[in-house]
**Q** 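The structure that follows is given in the form of structure tokens.
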Amino acid sequence: MKIAVLGGDGFVGWPTALHLSDQGHEVHIVDNLSRRWIDTELGVQSLTPMDSIQERTRIWHEETGRKIHFHLIDLARDYEVFKQWLVEHKPDAIIHFAEQRAAPYSMKSDRHKNYTVNNNVNATHNVLNALVETGVDAHLVHLGTMGVYGYSTIGAAIPEGYLPVGIETLEGDTVSQEILYPSNPGSIYHMTKCLDQLLFQFYAKNDGLRITDLHQGIVWGTHTEQTRKHPQLINRFDYDGDYGTVLNRFLIQAAIDYPLTVHGTGGQTRAFIHIQDSVRCIEIALNNPPKAGEKVEIFNQMTETHRVRDLAEMISKMTGAKVAYLPNPRKEAAENDLIVKNDKFLGLGLDPITLEEGLLDEVVDVAKKFAYRVDRSRVPAVSAWTKDIAKTVEKDPEGKRLKSVS
Ligand code: NAD
Ligand code: USQ
């Protein structure tokens with residue numbers, strides 16, 4: 001297949017591009033490199049030293065003889081350029097990673113809220129609009145989030161995207177309907193993924209676009225089979241307070257002898273998936289497209305759930321790291337249960353990699369190897385969800401904020 005990987009310079013996009021290229025697909029990365037600019041804006045860098053995208057693709061060619069093409073396009077702003085690109089390249093499939101994906105970044109200020117909404121919603125809509133306008137019949141696979149469902153405890157398993165409901169008619173009968181599971185976003189970023197869902201629903205219904213939406217949990221780990229092939233193929237690894245996600249953050253914190261930064265009581269339960277499984281799920285989704293005219297195919301792309309404090313305790317036991325219970329900068333349920341159905345991927349052959357399988361050690365090793373690149377002052381998460389919460393979140397982690405370290 002000819003596959004466009006939108007956002008293919010990012011944390012999940014890069015290993016996906018390598019994996020698909022390794023399988024013999026013709027891979028085209030489309031990216032505006034905004035994520036690298038955001039690193040500059042925030043004054044941080046990936047824990048792992050990342051080469052330029054041109055250098056990464058050059059090394060891949062040298063190692064494997066396979067070519068990955070790179071195209072610098074801003075999908076949110078360069079609609080006509082992307083439309084032209086589609087006409088010229090006519091991909092069979094498009095994988096859409098190209099959004100601003102950090103919840104804390106999306107909540108930093110009114111400017112960051114505007115940027116996240118404009119970037120994410122425009123990028124998604126431009127892709128859909130251009131597919132219809134050009135008549136290119138590509139299967140669109142979008143990386144969505146488990147966060148569209150929200151994190152309230154309901155005592156039932158979260159289904160894969162849709163919910164059967166009964167509605168009482170005027171005559172008192174009950175009619176059955178299948179609706180998108182009610183959206184309940186917890187940040188501006190998560191809200192954009194809820195808006196994406198409606199765009200997909202409309203374009204599948206109105207224009208018969210073939211769309212798969214992957215409701216993905218938190219991705220952890222760093223290496224995949226292909227990124228291991230050469231040191232310069234190494235993946236991005238975010239550890240900072242805005243882009244670092246909880247499990248990867250705890251692992252790097254343990255490696256640099258920094259107390260594990262649990263928000264609140266750590267009672268938040270979240271869904272997780274290893275990067276290698278994420279890449280594999282995308283491959284499975286690509287091989288199982290919906291037909292034109294069918295509803296959007298939705299998969300829950302996660303393999304296990306964990307409570308934040310349990311993760312902290314597990315890593316503390318493994319590494320001897322201390323655990324700090326900090327004021328939570330986010331507005332979220334202090335404690336929640338989470339049961340998620342993921343039967344579809346399991347049914348299609350996914351054999352999940354779980355936390356127990358020694359991969360945690362591997363990430364700690366990577367973290368130790370590159371610990372010299374860490375700026376400890378960028379570890380704390382200081383982006384507060386409201387102005388009131390901001391007052392309670394102190395900004396001096398090495399001093400007062402970590403005084404409750406156990
Ligand atoms: P990332 O920030 O590392 O990568 C996103 C890439 O998209 C970057 O290379 C960025 O430059 C590019 N991009 C952003 N806006 C663009 C635009 N307007 N035009 C062109 N390129 C643009 O993010 P990631 O961690 O690789 O996540 C990829 C996708 O997966 C995101 O959509 C995210 O919401 C979703 N996701 C990620 C996780 C996770 O834990 N990392 C979990 C669930 C879902
Ligand atoms: N948390 C801590 N300590 C930290 C960092 C986070 O306790 O140092 C807590 C947060 O308060 C939250 C939970 O851990 O309760 C998860 O936070 P996170 O930053 O790991 O994940 P999140 O903000 O939900 O976002 C990440 C990705 C996003 C993706 C989402 C999948 O950045 O792109 O959509 O995971 S999901 O969580 O399933 O919605």
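Start at 1 and go down the list; that is how both ligands and their atoms are numbered. Heavy-atom basis, side chains included; hydrogens, waters and symmetry copies ignored.
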**Q** Can a salt bridge be assigned to the pair D39 and R35 using a cut-off of 4.0 Å between side-chain N and carboxylate O?
**A**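 The answer is yes: the pair qualifies as a salt bridge.
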**Q** Assess the residue pair Q268 and H263 against the criterion (side chain to side chain donor-acceptor pair (under 3.5 Å)); give the C-alpha distance rounded to whole Å, side-chain angles, the decisive distance to 0.1 Å, and a yes or no.
**A** CA-CA 9 Å; Q268 309 91 320; H263 294 165; 5.1 Å; no
**Q** Using a strict threshold of under 4.0 Å (side-chain N to carboxylate O), is an ion pair present between R280 and D277?
**A** no
**Q** Counting heavy atoms only, which of Q100, R35, M146, Q216 is nearest atom 37 (C) of ligand 1?
**A**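 Minimum heavy-atom distance to atom 37 (C) of ligand 1 goes to Q216.
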**Q** For the 3.5 Å polar cut-off, considering only N or O atoms, please tell me whether S34 and ligand 1 meet it.
**A** yes
**Q** Please list, in number order, the atoms of ligand 1 under 4.0 Å from a heavy atom of A76.
**A** 18 (N)
**Q** Hey, does G217 sit under 4.0 Å from ligand 2 if you only count heavy atoms?
**A**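 Flag set, G217 near ligand 2.
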**Q** Below 4.0 angstrom from a heavy atom of R270, which ligand 2 atoms are there? Numbered from 1 as shown, please.
**A**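 Those of ligand 2 that fall under 4.0 Å from R270 are 15 (O).
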**Q** Can you report which non-hydrogen protein atom sits closest to atom 16 (C) of ligand 1, along with the distance?
**A**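 Result: N32 OD1, 3.4 Å.
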**Q** Which one holds for R101 and ligand 2: side chain close, backbone close, both close, or neither close, with close meaning a heavy atom under 4.0 Å?
**A** both
**Q** Residue-level breakdown please: for T145 versus ligand 1, do any non-hydrogen atoms fall below 4.0 Å on the side chain, on the backbone, on both, or on neither?
**A**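 For T145, no heavy atom sits under 4.0 Å from ligand 1.
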**Q** So for ligand 1, is R236 a polar contact partner (N or O within less than 3.5 Å, distance only)?
**A** no
**Q** I need the contact type for T261 against ligand 2. Using non-hydrogen atoms and a strict under-4.0 Å cut-off, is it side chain, backbone, both or neither?
**A**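 The answer is both, backbone and side chain.
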**Q** For ligand 2, does Y189 get within less than 4.0 Å through its side chain, its backbone, both, or neither, judged by non-hydrogen atoms?
**A** side chain
**Q** Output yes when the distance from some N or O of ligand 1 to some N or O of V219 is under 3.5 Å, and no in every other case.
**A**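 Between V219 and ligand 1 (N or O atoms, distance only) the closest approach is under 3.5 Å.
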**Q** If you have a sec, work out which protein heavy atom is nearest atom 20 (O) of ligand 2 and how many Å separate them, to one decimal?
**A**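 Here the nearest protein heavy atom works out to V246 N, 2.7 Å.
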**Q** Centroid separation under 6.0 Å, is that true for the rings of H89 and H71?
**A**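 Between H71 and H89, the centre distance is under 6.0 Å.
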**Q** Relative to atom 15 (N) of ligand 1, which among N235, D78, N119 owns the nearest non-hydrogen atom?
**A**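 Looking at heavy atoms only, the winner is N119.
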**Q** Kindly indicate whether the side chain of L128, heavy atoms from C-beta on, has any atom under 4.5 Å from the side chain of I211.
**A** yes
**Q** Give yes or no for whether the N/O distance cutoff of 3.5 Å, strictly under, is met between R36 and ligand 1.
**A**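 No, R36 has no N/O under 3.5 Å of an N/O on ligand 1.
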**Q** With a 4.0 Å cut-off on N to O distance, would you call K193 and D213 a salt bridge?
**A**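 D213 and K193: not salt-bridged.
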**Q** Counting heavy atoms only, which of Y151, Y149, F11, Y325 is nearest atom 38 (O) of ligand 2?
**A** Y151
**Q** Counting only heavy atoms not in R373 (residues, nucleotides, ligands), do more than 12 fall under 6.0 Å from its CZ?
**A** yes
**Q** Minimum distance, heavy atoms only, to atom 18 (P) of ligand 2: which one of R249, E332, R330 is it?
**A** R330
**Q** Please walk me through it: do Q100 and N119 pass side chain to side chain donor-acceptor pair (under 3.5 Å)?
**A** CA-CA 7 Å; Q100 191 300 99; N119 186 65; over 6 Å; no
**Q** Would you call G217 a ligand 1 contact, heavy-atom distance under 4.0 Å?
**A**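 So G217 counts as touching ligand 1.
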**Q** State the atoms of ligand 1, each with its element, that fall below the 4.0 Å cut-off from a heavy-atom position in L143.
**A**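 So the atoms of ligand 1 that pass are 29 (C), 30 (O), 32 (O), 35 (C).
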**Q** For the 3.5 Å polar cut-off, considering only N or O atoms, please tell me whether H96 and ligand 1 meet it.
**A**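 No - when backbone and side-chain N and O of H96 are compared with those of ligand 1, no distance drops under 3.5 Å.
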**Q** Please could you name the atoms of ligand 2 that A103 approaches to less than 4.0 Å, counting only its heavy atoms?
**A**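 With A103 as reference, the close atoms of ligand 2 come out as 23 (O).
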**Q** Whether R307 and E335 form a salt bridge (side-chain N of Lys/Arg under 4.0 Å from carboxylate O of Asp/Glu) is what I want to check.
**A** yes
**Q** Taking non-hydrogen atoms only, is H190 closer than 4.0 angstrom to ligand 2 via side chain, backbone, both or neither?
**A** side chain
**Q** Looking at L247, V219, L359, V279, which hits side-chain contact (heavy atoms from CB on, under 4.5 Å) with H274?
**A** L359
**Q** For E332, is there an ion pair with R270 - N to carboxylate O distance below 4.0 angstrom?
**A** yes
**Q** Tell me whether the rings of F82 and W85 are parallel (<30°), tilted (30 to 60°) or perpendicular (>60°).
**A** parallel
**Q** What pair of heavy atoms forms the shortest contact from Y239 to Q45, and how long is it?
**A** CE2-O, 3.5 Å
**Q** Of the side chain and backbone of I73, name the one, both, or neither that has a heavy atom under 4.0 Å from an atom of ligand 1.
**A**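 For I73, only backbone atoms sit under 4.0 Å from ligand 1.
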**Q** Write out the residue and atom name of the closest protein heavy atom to atom 35 (O) of ligand 2, then the distance separating them to 0.1 Å.
**A** I218 CG1, 3.3 Å
**Q** For L33, take its heavy atoms, then give the atoms of ligand 1 lying under 4.0 Å from any of them.
**A**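 That gives atoms 11 (O) of ligand 1.
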**Q** With a 4.0 Å cut-off, would you call R378 and D242 a salt bridge?
**A** no
**Q** Quick test of your reading of the model: are E313 and R309 salt-bridged, counting only N-O distances below 4.0 Å?
**A** no
**Q** Counting non-hydrogen protein atoms only, what is the nearest one to atom 3 (O) of ligand 1? Give residue, atom name and distance.
**A** F11 N, 2.9 Å
**Q** Among all protein non-hydrogen atoms, which one is nearest to atom 26 (C) of ligand 2, and what is the separation to 0.1 Å?
**A** T245 CG2, 3.8 Å
**Q** If the plane angle is over 60° it's perpendicular, under 30° parallel, otherwise tilted; pick one for Y105 and Y115.
**A**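 Taking Y115 first and then Y105, their aromatic rings stand perpendicular (interplane angle over 60°).
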**Q** Is there a polar contact between ligand 1 and Y189, counting only N or O atoms under 3.5 Å apart?
**A**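 Between Y189 and ligand 1, an N or O pair is found under 3.5 Å apart.
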**Q** Give a yes-or-no answer on whether the side chains of T16 and H19 include a donor-acceptor pair shorter than 3.5 Å.
**A** no
**Q** Ligand 1 and D31, any nitrogen or oxygen pair closer than 3.5 angstrom?
**A**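 For ligand 1, there is an N or O atom that lies under 3.5 Å from one belonging to D31.
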**Q** Under 4.0 Å from any heavy atom of Q268, which atoms of ligand 2 are there?
**A** 11 (O), 15 (O)
**Q** Would you check the N or O atoms of Y243, main chain and side chain alike, for any that come under 3.5 Å of an N or O of ligand 1?
**A** no
**Q** Can you tell me which residue and heavy atom of the protein come closest to atom 4 (O) of ligand 1, and the distance to 0.1 Å?
**A**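 Looking at atom 4 (O) of ligand 1, the protein heavy atom closest to it is G10 CA, 3.3 Å.
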**Q** Is it the case that E297 and H139 place a side-chain donor and acceptor less than 3.5 Å from each other?
**A** no
**Q** Give the numbers and elements of all ligand 1 atoms closer than 4.0 Å to a heavy atom of K193.
**A** 31 (C), 32 (O), 33 (C), 34 (O)
**Q** Using a 4.0 Å heavy-atom cut-off, say whether R77 meets ligand 1 through its side chain, its backbone, both or neither.
**A**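 No part of R77 is near ligand 1 at this cut-off.
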**Q** Please say whether the positively charged group of R236, taken as NZ for Lys or CZ for Arg, lies over the ring of Y243, i.e. under 6.0 angstrom from the six-membered ring centre and within 45 degrees of the axis.
**A**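 The answer is no; the distance or angle limit is not met.
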**Q** I need the atoms of ligand 2 closer than 4.0 Å to a non-hydrogen atom of V308, numbered in the order shown.
**A** 7 (O), 14 (O)
**Q** Tell me the nearest of T145, V340, V379, V219 to atom 31 (C) of ligand 2, using heavy-atom distances.
**A**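 Of the listed residues, T145 has the closest heavy atom.
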**Q** Any idea which atoms of ligand 2 are less than 4.0 Å away from a heavy-atom of V262?
**A** 7 (O)
**Q** Considering only heavy atoms, does N122 approach ligand 1 within less than 4.0 Å through its side chain, its backbone, both, or neither?
**A** neither
**Q** Can Q216 be said to touch ligand 2, with heavy atoms closer than 4.0 Å?
**A**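 It does, in that a heavy atom of Q216 comes within the 4.0 Å cut-off of ligand 2.
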**Q** Any N or O of I218 that comes nearer than 3.5 Å to an N or O of ligand 1?
**A**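 No, no N or O pair falls under 3.5 Å.
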**Q** Specify the protein heavy atom at minimum distance from atom 9 (C) of ligand 2: its residue, its atom name, and the distance to 0.1 Å.
**A** H263 ND1, 3.8 Å
**Q** Once you restrict to heavy atoms under 4.0 Å, what part of Y239 touches ligand 2? Side chain, backbone, both or neither.
**A** neither
**Q** Taking distance alone, with N or O pairs closer than 3.5 Å, would you say G144 contacts ligand 1?
**A** no
